[in-house]
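Here the structure comes first, spelled out in structure tokens, and everything after it is commentary.
All values reported here derive from a predicted model rather than from experimental measurement. Throughout, protein chains are lettered first and strands after them, A, B, ... in sequence-line order, and every chain is numbered starting at 1.
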Amino acid sequence: MKKFKQELARRVAEAAGRQIDPAEVLSLLEAPPEPEMGDLAFPCFTLSKKLKQSPAKIAGELAGKLKAEVSTSFKQVEAKGPYLNFFFAEAALARETLTDIRHQADRFGGSEEGQGQTVVIDYSSPNIAKPFHIGHLRSTVIGAALCRIYAALGYQPIGINHLGDWGTQFGMVMAAYSESPDEAELEEHPIRYSLKLYTEFNRRAEAEEAAREQARQWFRRLEAGDPEATALWQKFRDLSLQEFQRIYTRLGISFDHYMGESFYNDKMEDAITRVEKAGLMEKGEDGAELVRLEEEKMPPLLLRKSDGATLYATRDLAAAIFRWERYHPARILYVVGTPQELHFRQLIRVLEKMGCDWAQNLVHVKFGHVQGMSTRRGTAVFLEDVLDEAAARAREKIAENVKAGKLDPASATEELAEAIGIGALIAQDLKNRRERDVVFDWDQALNFDGETGPYLQYTHARICGILRKSGKPVPEKADFGLLSEPETRELLKALARFPEAVERAGQENEPSLITDCLFELTKVFNVFYNTHRVIGSGRSLEEARLLLVDSVRQVLKNGLTLLGIQPLEKM
RNA sequence: GCGCUCGUAGCUCAGUUGGAUAGAGCAGCGGACUUCUAAUCCGCAGGUCGCAGGUUCGAGUCCUGCCGGGCGCGCCA
């Protein structure tokens with residue numbers, strides 16, 4: 001598709017007598033609203049301003065000039081009002097995209113743009129001692145998808161789980177536990193138990209200053225390296241991590257590093273010293289240390305409490321410096337919810353003030369807040385419960401299919417149910433633009449009809465069914481001129497759009513662009529499927545369609561893999 | 001109070017960076033399985049793009065104001 005656009009841009013610029021350069025034409029090219037209007041359109045408004053003529057007249061003149069030139073890529077040009085509409089020669093479109101997909105296979109959709117560059121991606125980052133609820137799913141699933149997308153674009157992604165394993169809240173858990181430890185319960189249900197300790201203590205702390213002080217004291221001991229505090233902390237951390245890992249395994253996610261907040265414990269003094277050297281540190285009313293940001297109309301960034309303990313911001317500052325010095329990444333992404341927007345704006349600004357020019361490469365990849373998930377109020381929906389329910393729902397549907405003879409009993413495994421259930425949840429999270437707030441809804445999350453994960457997987461499985469049952473190998477090439485029905489052309493265009501979707505998904509840190517592209521592809525495929533047959537359509541046509549259908553399978557597989565959804569062969 | 005953000009069909013959302021007649025899915029109604037999986041497809045119905053101004057050849061998209069929701073705002077993370 002890119003080649004087509006470039007060629008077209010060159011020729012339009014040529015025909016316009018170089019009044020506009022090819023790059024500008026390229027950026028103006030768009031898809032016409034209706035297929036009958038052509039495959040690519042060039043709106044003449046910009047040119048109209050430059051030439052001081054009506055856009056319709058320009059379109060007409062350009063069409064006249066371009067019509068004379070015969071091209072192997074375009075069979076027709078026509079002016080329609082202010083638009084110049086182009087029609088692909090279908091054999092060319094088919095040849096171009098299908099051979100690209102065939103040759104690049106699993107790499108189709110990727111590029112080399114990131115060669116030699118590293119991207120640090122901070123994502124998931126749950127709090128130790130708190131349950132993993134569906135609010136954490138967003139960061140996890142978006143971050144993991146971004147890791148794969150950047151890898152496909154040639155970058156070296158480094159996925160970091162910035163665990164919330166430090167801070168005063170942790171002091172609360174330790175204070176509560178030390179009062180009446182129940183070791184058996186801790187071993188058995190580490191998170192549920194920690195949560196109980198936390199919520200109960202938190203309730204007390206809201207009323208009693210003594211409790212708050214007790215928690216702060218435990219945290220100070222921890223920061224100072226007190227052996228008892230450290231041992232207790234280590235235990236809670238290890239046990240919680242085991243539970244998180246169980247979830248990550250189910251989601252098919254692994255991190256390059258678990259470098260939580262605690263990792264920066266010995267790096268914070270250095271960070272603070274740098275802030276002081278830059279002359280930015282000021283004392284607050286009660287002896288707290290902070291950086292004022294009045295000029296930028298932001299509240300100050302607090303880096304040390306009046307009792308000497310550090311804060312979340314201190315750790316994030318140390319983490320940013322550490323990441324830059326260790327990896328020299330082209331970008332550092334923070335896949336963190338939109339409520340923390342101010343925090344990151346402050347952090348980036350402080351780094352800039354310190355003279356760190358690389359701070360401009362820090363990106364807060366923010367996503368909408370999942371409403372109504374409060375651990376403290378107990379309204380959070382636990383992710384594991386949702387995963388279980390999704391798998392159960394899939395299991396039922398699989399049983400129906402077996403009963404109806406659509407699926408062989410041997411394929412009806414637990415892994416299949418799991419893959420479908422999780423596919424539904426991931427797609428649900430990756431189908432809307434990140435920044436929107438979401439309200440968790442069981443029915444919506446577990447729906448398998450329409451634009452859902454299972455729909456994408458089902459389409460993939462249908463194609464695998466065709467390839468399996470045809471009993472013939474997929475040919476290298478075919479008579480591309482046969483792939484000219486409207487349904488087929490739409491399919492070819494949808495395939496050709498995939499690489500641009502991946503590229504944009506990386507540029508905008510927006511995996512939903514890929515999900516969108518896949519839904520469009522599957523929709524046009526299913527229309528094709530319902531109007532044309534592959535098997536038994538006649539020797540050369542069958543070959544051409546096998547190649548076409550196999551390309552759809554390949555692109556679907558590549559896209560699903562980027563999103564973290566398993567492409568299934570039967571379901 | 002200040003700041004950020006969102007407001008599009010009954011519900012959940014797209015809308016290609018300001019362009020052609022505002023599109024999908026769900027839910028509703030009506031159709032299509034002796035034929036490559038009906039977790040599919042086709043059709044119908046559903047809209048004052050929150051409201052009011054402004055910018056211009058052209059605004060769902062940009063600017064201002066208002067209304068409504070969400071989030072945040074120095075010792076939590």
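Comparing G3(B) with G74(B), their P atoms are spaced 16 Å from each other, to the whole Å. Between the C1' atoms of C57(B) and A52(B), the separation comes to 24 Å (whole Å). Separation of the C1' atoms belonging to A20(B) and G54(B) is 25 Å when rounded to the nearest angstrom. Separating the P atom of C41(B) from that of A27(B) is a span of 12 Å, rounded to the nearest Å. As rounded to the nearest Å, C6(B) and C42(B) have P atoms that lie 33 Å from one another. Nucleotides G68(B) and C49(B) are separated by 16 Å at their C1' atoms, to the nearest Å. Taking atom P on both nucleotides, U48(B) is separated from A9(B) by 8 Å, rounded to a whole Å. A gap of 25 Å separates the C1' atoms of G47(B) and U5(B), to the nearest Å.
E487(A) and H532(A) are linked by a side-chain donor-acceptor pair at a separation below 3.5 angstrom, with hydrogens and angles left out of the test. Looking only at atom types and distance, the side chain of T522(A) has no donor-acceptor partner in the side chain of T459(A) under 3.5 Å away. In summary, the side chains of D449(A) and T452(A) do not present any donor paired with an acceptor at a separation below 3.5 Å, with no hydrogens or angles considered. Using modelled atom types and a 3.5 Å distance limit, the side chains of Y264(A) and D316(A) yield no donor-acceptor pair. In the model, S551(A) has no side-chain atom that pairs as donor or acceptor with a side-chain atom of Q554(A) under 3.5 Å.
Between F219(A) and F170(A), the distance from one ring center to the other does not fall under 6.0 angstrom.
Under the 6.0 Å distance and 45° angle rule, R462(A) counts as a cation-pi partner of Y529(A).
At whole-Å resolution of the value, CZ in F344(A) and C1' in C4(B) are 15 Å apart. Between R433(A) atom CZ and G70(B) atom C1' the separation is 19 Å, expressed in whole Å. As rounded to whole Å, 14 Å separates atom P of C13(B) from atom CD of E510(A). Rounded to whole angstrom, the span from the CG atom of L446(A) across to the P atom of C26(B) amounts to 16 Å. In this structure, the CD atom of Q507(A) is 12 Å from the C1' atom of U17(B), given to the nearest Å.
Annotation: ring-ring contact (aromatic ring centres under 6.0 Å, His included) contacts of Y458(A) (sequence neighbours excluded): none. Residues passing the side chain to side chain contact (heavy atoms under 4.5 Å, CB included) test with E510(A) are R433(A), R434(A), E508(A), S512(A), L513(A), sequence neighbours excluded. For F132(A), the ring-ring contact (aromatic ring centres under 6.0 Å, His included) partners two or more places apart in sequence, or in a different chain, are H136(A), F244(A), Y248(A). For F201(A), there are no ring-ring contact (aromatic ring centres under 6.0 Å, His included) partners at least two apart in sequence or on another chain. Shown here are the side chain to side chain donor-acceptor pair (under 3.5 Å) partners of D408(A), two or more places apart in sequence or in another chain: S411(A), K570(A).
Legend: ring-ring contact (aromatic ring centres under 6.0 Å, His included) pairs involving residues 419-442 of chain A, not counting sequence neighbours, sorted by first then second residue: F440(A)-W442(A).
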Interface polar pairs with nucleotides 36-43 of chain B, N/O, under 3.5 angstrom:
residue	atom	partner	partner atom	Å
C36(B)	O4'	R533(A)	NH2	3.4
C36(B)	O3'	K469(A)	NZ	3.2
C36(B)	O2'	I466(A)	N	3.4
C36(B)	O2	I535(A)	N	3.2
C36(B)	N3	V534(A)	N	3.1
C36(B)	N4	Y529(A)	O	3.1
C36(B)	N4	H532(A)	O	2.3
U37(B)	OP2	K469(A)	NZ	2.3
U37(B)	O2'	Y458(A)	OH	2.1
U37(B)	O2'	R462(A)	NE	3.1
U37(B)	N3	M571(A)	O	2.5
U37(B)	O4	M571(A)	N	2.4
U37(B)	O4	M571(A)	O	3.0
A38(B)	OP2	R462(A)	NH2	2.3
A38(B)	O2'	K406(A)	NZ	3.3
A39(B)	OP2	K397(A)	NZ	3.1
A39(B)	N7	N401(A)	ND2	3.1
U40(B)	OP1	G450(A)	N	3.0
U40(B)	O2'	R462(A)	NH1	2.9
U40(B)	O2'	N530(A)	ND2	3.3
C41(B)	OP1	Y455(A)	OH	2.7
C41(B)	O4'	N530(A)	ND2	3.0

Distances under 3.5 Å between protein N/O atoms and the N/O atoms of nucleotides 20-23 of chain B, please, pair by pair.
residue	atom	partner	partner atom	Å
A20(B)	N6	N85(A)	OD1	3.1
A20(B)	N1	N85(A)	OD1	3.4
A20(B)	N1	N85(A)	ND2	3.3

With the criterion being N/O to N/O and under 3.5 Å, what pairs connect the protein with nucleotides 72-77 of chain B, and how long is each?
residue	atom	partner	partner atom	Å
C75(B)	O2	S306(A)	N	2.7
C75(B)	O2	S306(A)	OG	3.1
C75(B)	N3	S306(A)	OG	3.2
C75(B)	N4	D286(A)	N	3.4
C75(B)	N4	D286(A)	OD2	2.6
C76(B)	OP2	K305(A)	NZ	3.0
A77(B)	OP1	T168(A)	N	3.0
A77(B)	OP1	T168(A)	OG1	3.3
A77(B)	OP2	Y312(A)	N	3.4
A77(B)	O3'	E261(A)	OE1	3.2
A77(B)	O3'	E261(A)	OE2	2.4

Seminar exercise, completed: Parsed dot-bracket for RNA chain B after applying the Watson-Crick and G-U rules with both distances under 3.5 Å and | for other-strand partners is (((((((..((((.....[...)))).(((((.......))))).....(((((..]....))))))))))))....
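A salt bridge links K523(A) with E451(A): the closest approach of a Lys/Arg side-chain nitrogen to an acidic carboxylate oxygen falls below 4.0 angstrom. Remark: E500(A) does not engage R497(A) in a salt bridge, criterion side-chain N to carboxylate O under 4.0 Å.
Taking the six-membered ring for Trp and thresholds of 30 and 60 degrees, W233(A) and W166(A) have ring planes more than 60 degrees apart, a perpendicular arrangement.
Across all strands, E508(A) comes closer than 4.0 Å to base atoms (heavy-atom distances).
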Side chains of residues 300-314 of chain A: which donor-acceptor pairs under 3.5 Å do they make with residues two or more places apart or in other chains?
residue	atom	partner	partner atom	Å
R304(A)	NE	E289(A)	OE2	3.2
R304(A)	NH1	E269(A)	OE2	3.3
R304(A)	NH1	G308(A)	O	3.4
R304(A)	NH2	E269(A)	OE1	3.2
K305(A)	NZ	T168(A)	OG1	3.2
D307(A)	OD1	A309(A)	N	2.9
D307(A)	OD2	R220(A)	NH1	2.9
T310(A)	OG1	E223(A)	OE2	2.5
T310(A)	OG1	R315(A)	NH2	3.4
Y312(A)	OH	Q340(A)	OE1	2.4
T314(A)	OG1	L303(A)	O	2.7
T314(A)	OG1	L311(A)	N	2.9
T314(A)	OG1	L311(A)	O	3.1

For this session: Let me have a per-nucleotide readout for nucleotides 6-12 of chain B, 5' to 3', with B, S or -, counting only protein heavy atoms under 4.0 Å.
Result: ------S
